[in-house]
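A short write-up of the structure that comes next.
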Amino acid sequence: MRGPRPRAKILLAQSQAQFLNQWMPLPFNVATHLDTAIRAAAKALGLTDQGFESEVRVADPANGDFQANGALAFAKRAKQNPRALAQQIVDLLGALQTDFDLTLAGPGFINFRLKPAALLGWLQAYGSAQDLQNGAASARQGQTWIVDYSSPNTAKQMHVGHLRSAVIGEAICRLLAFSGAKVIRDNHIGDWGTQFGKLIWAHKRHLDPAALATDPLEEFERLYKVGNTAADADPSVLEEARHELVRLQDGDSTNLEIWKEINDVSLAAFQQIYDQLGIKFDVTLGESFYNDKVPRVYRELSESGLAEESGGALVVFHDEHPRFSRNAERPNPFMVRKGDGASGYASTDLATALYRAENFHAHGIVIVTDFRQTDHFEQLFLTVKKWFAAKKYRLPELHHVIFGAVTGDDGKALRTRDGGTIKLKELLGEAEERAYALVTEKTPDLPEAERRTIARTIGISSVQYADLSQNRSSNYVFSWEKMLSFEGNTAPYLLYAVTRVRSIFRKASLNPAEPPVGSATAPESLQEISLARKLVKFPDAIQLATNTLRPHFLGLYLYELAGEFSGFYAADKVIVDDAAVRARRLLLCHRTLIVLETGLHLLGLRTLERM
RNA sequence: GGAUCUGUAGCUCAAUUGGAUAGAGCACUUGGCUUCGAACCAAGGGGUCGGGGGUUCGAGUCCCUCCAGAUCCGCCA
């Protein structure tokens, strides 16, 4: 419940105008609040029409809490003195001075430092996870976003290379939902590829029923290899495999049954992994689902003149784009239909885009894949934009969320068919084991069952966070040490901070859901102030991570917040006799707890009571 | 051959997308537990941001060029 803020009494001595002003809570997102105020000042100065932007951002703590850099860029364009211009703006920001210390620095930076009373006001105003949610939920209210992630091929196990899409995708889903969007998680599985020809061929001839009963996915993988090897060695096998594929596509009941069995088994195995990662898809619309929807794509693209015949195939060029132009040195058209009449992933993806726009009324579509598909999705998006424009369909925002490859020691991307790559199942199991050893070492007194539960959370979180803590666009060499590191910017460090806060509440016999902090006063010590200043920047971290679709910005923020808390924890004791000191420190502890837990849950991690 | 991405401390990574003195962790050195959990904290050394040139008040970030690696380039997705 957000009511009037209990800051009134510190304001009694101030003017009536300021008093009334102070009854308005400082908004959830302080940077946005500053932006609004500066824009108003710029408008008063007549700068808005000339394209003035405030450029408010989080500042280096040494300089302030937020900084506005807009005067610099504007002055350059308008050939004015930036420092003088910044001063004119500052002169109009008098109302902000109740909450902030304003300073002008360097060539024209405007710095804003929150006063302790303003910090207290913000902390009092946003006092529960629900308050944080309410504060953030306006940005994408009423929008529907489709997030297409994980999307493995069936009949194969997921290996470490599949982890990034799942982990990053889930974090993005949660961030979008937190900003108010309705999110539809769509697992666009590869269930209709040519691999099924070879697979069905082998299934009919080399199936081992015992192996199928023990570990069906393992057996399907073996069968695929058998089929692949045989087809490579013998052209007649390849021919038979193609025939099996055609029969499947023509609806042959035996082949359909095998196909369905393979997919059902695969999805059940995938689900075990998803359960561990806390992922639950809303829909699983794989490539087969779009099978009957591609003719419309061919028709509409041809009618609108976007697609053309070329060597028997149906292709789309984008002449305005050097890379996809027909005039390129080596043309790279978007292959909508192959020369032999078969559909490819391009046509499936086009049909998928249309379905998402029409059926889900998507405001935005996010597709999470590795960087190798960059060209494909660029062509897809270019084609979709022209196609939708020609047919007057409403165009959703299209985002390809690209991440780097997970590579082996040779620096080359891991591929399923190379064999010997680490299976996701094994990775998660190993993570749990290593975490268990550590838990047992650190907290041997906890009962075995609890140590197991804790180890599960720590192990899985560590693996998830290994992907979320770094900028998604870079490649990395897979290593156990990296995935299961427990020091530095890692999940255990963050989870540890959470358990230390909870421990304080336990020690004081207080319920963290109902912290007695109504009488808390403004932060005083260096560490208290530093922690409070960090807490107030949570909305900015959320916004940055969501707008850029880069969850690591939130991870970095949480790591820094946990660091501030650790410094505070070491310096300032919370459970002390002085009731005033105690209340104001408990407030900081509690707000740290809700921000950390909310943030970690947004990244898809689970948190712990103790560890 | 063309295109895209990557290159930051010995190692693994950040840097709010053009902002102020490039920051963390690991490793190394030093100090801190009879005091709310030391899976922690405090402090120290360590950098021609791959090389070179350019754009401007300001560049790790943008442009050009060279070097190194990865990836893609009409029918597997």
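Residue numbers begin at 1 in each chain, while the letters A, B, ... track the order of the sequences.
- Between the P atom of A14(B) and the CG atom of Leu558(A) lies a distance of 16 Å, rounded to the nearest Å.
- A side-chain donor from one of Tyr476(A) and Asp467(A) sits under 3.5 Å from a side-chain acceptor of the other.
- Between the OH atom of Tyr559(A) and the P atom of U16(B) there is a distance of 18 Å, given to the nearest Å.
- Nucleic acid contact for Thr499(A): base, since at least one base atom lies under 4.0 Å from a heavy atom of the residue.
- Counting atom types as modelled, Glu487(A) pairs no side-chain N or O with a base atom of A39(B) as donor and acceptor under 3.5 Å.
- In this structure, the side chain of Arg451(A) engages the main chain of Leu446(A) through a donor-acceptor pair within 3.5 Å.
- Within the nucleic acid shown, Ser503(A) comes within 4.0 Å of at least one base atom, counting heavy atoms only.
- With respect to Arg326(A) and Glu308(A), a salt bridge is recorded, a charged nitrogen being found less than 4.0 Å from a carboxylate O.
- For an aromatic pair to be called close, the ring centres must be under 6.0 Å apart, and Phe74(A) with Phe52(A) satisfies this.
- Atom CG in Asn332(A) sits roughly 13 Å away from atom C1' in U71(B) (whole-Å rounding).
- With the nearest nucleotide of RNA chain B identified for both Asn111(A) and Gly567(A), Asn111(A) has the one nearer the 5' end.
- Using a 4.0 Å heavy-atom cutoff across all strands shown, His376(A) reaches no nucleic acid atom at all.
- Taking atom CZ of residue Phe371(A) and atom C1' of nucleotide G69(B), one finds them 11 Å apart after rounding to whole Å.
- Heavy atoms of Leu495(A) sit nowhere under 4.0 angstrom from any nucleic acid atom.
- Separating the NZ atom of Lys507(A) from the C1' atom of U35(B) is a distance of 11 Å, rounded to the nearest angstrom.
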